[in-house]
Amino acid sequence: MTRLDFDELIKYQRFLQKALKKEQRLDNKIELLSIINRLTAGPRNIVQKEQIMIEAVAAGFREEDVEKLLEQLIREKIIYESTPGYIKKR
């Protein structure tokens, strides 16, 4: 194996790692949205942020990741904080 082949292999490995991380973030976002959908199945479509946290942590999420994902979903206008501490779907 030449140095060039090795460098190309390293570049490809980095590309795959980035693609995998991106896919994992998307999977986590979808899983969190599924939790939110389950919890907002009532007529008002509203859920306490703390309840989302409890369910997500029980599903294997870290609290910090849940906070980041909720902020991202709010920025993307998929959910919003209708009143402090309560999340509602759009």
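Residue numbers count from 1 along this sequence.
For the side chain to side chain contact (heavy atoms under 4.5 Å, CB included) criterion with I79, the lone passing option out of L32, I36, I52, T40 is I36.
L39 is listed as a side-chain neighbour of E55, based on a closest heavy-atom distance under 4.5 Å. Here the side chains of I78 and R90 are not in contact, with every heavy-atom distance at 4.5 Å or above. At a threshold of 4.5 Å between non-hydrogen side-chain atoms, the residues E81 and K88 do not count as touching. When side chains are defined from C-beta on, I87 does not count as touching I46, because their heavy atoms never get closer than 4.5 Å. No side-chain heavy atom of Q72 sits under 4.5 Å from any side-chain heavy atom of K68. Within the 4.5 Å cutoff, the side chain of E31 has heavy atoms near those of the F61 side chain. Side-chain contact check for V66 versus R62: every heavy-atom pair is 4.5 Å or farther apart. Looking only at side-chain heavy atoms (C-beta outward), N28 and R25 stay at 4.5 Å or farther from each other.
Cluster annotation: I74 and I35 are assigned to the same hydrophobic cluster (Ile/Leu/Val/Met/Phe/Trp/Tyr, side-chain heavy-atom contacts under 4.5 Å, transitive). In this structure, I54 is not a member of the same hydrophobic cluster as L33, with clusters built from ILVMFWY side-chain heavy atoms closer than 4.5 Å. Follow the hydrophobic side-chain contacts under 4.5 Å out from Y80 and you never reach L69; the two are in separate clusters.
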Decide yes or no on side chain to side chain contact (heavy atoms under 4.5 Å, CB included) for M53 and K49, but give the supporting numbers first.
CA-CA 6 Å; M53 186 67 72; K49 207 173 181 180; over 6 Å; no

Apply side chain to side chain contact (heavy atoms under 4.5 Å, CB included) to K22 and L26, showing your working.
CA-CA 6 Å; K22 186 175 181 181; L26 182 59; over 6 Å; no

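Minimum interatomic distance between Q48 and Y86 (heavy atoms only, all atoms of both residues): CG-CE2, 3.3 Å.
Atom-to-atom distance recorded for E67:CD and D65:CG is 10.5 Å, nearest 0.5 angstrom.
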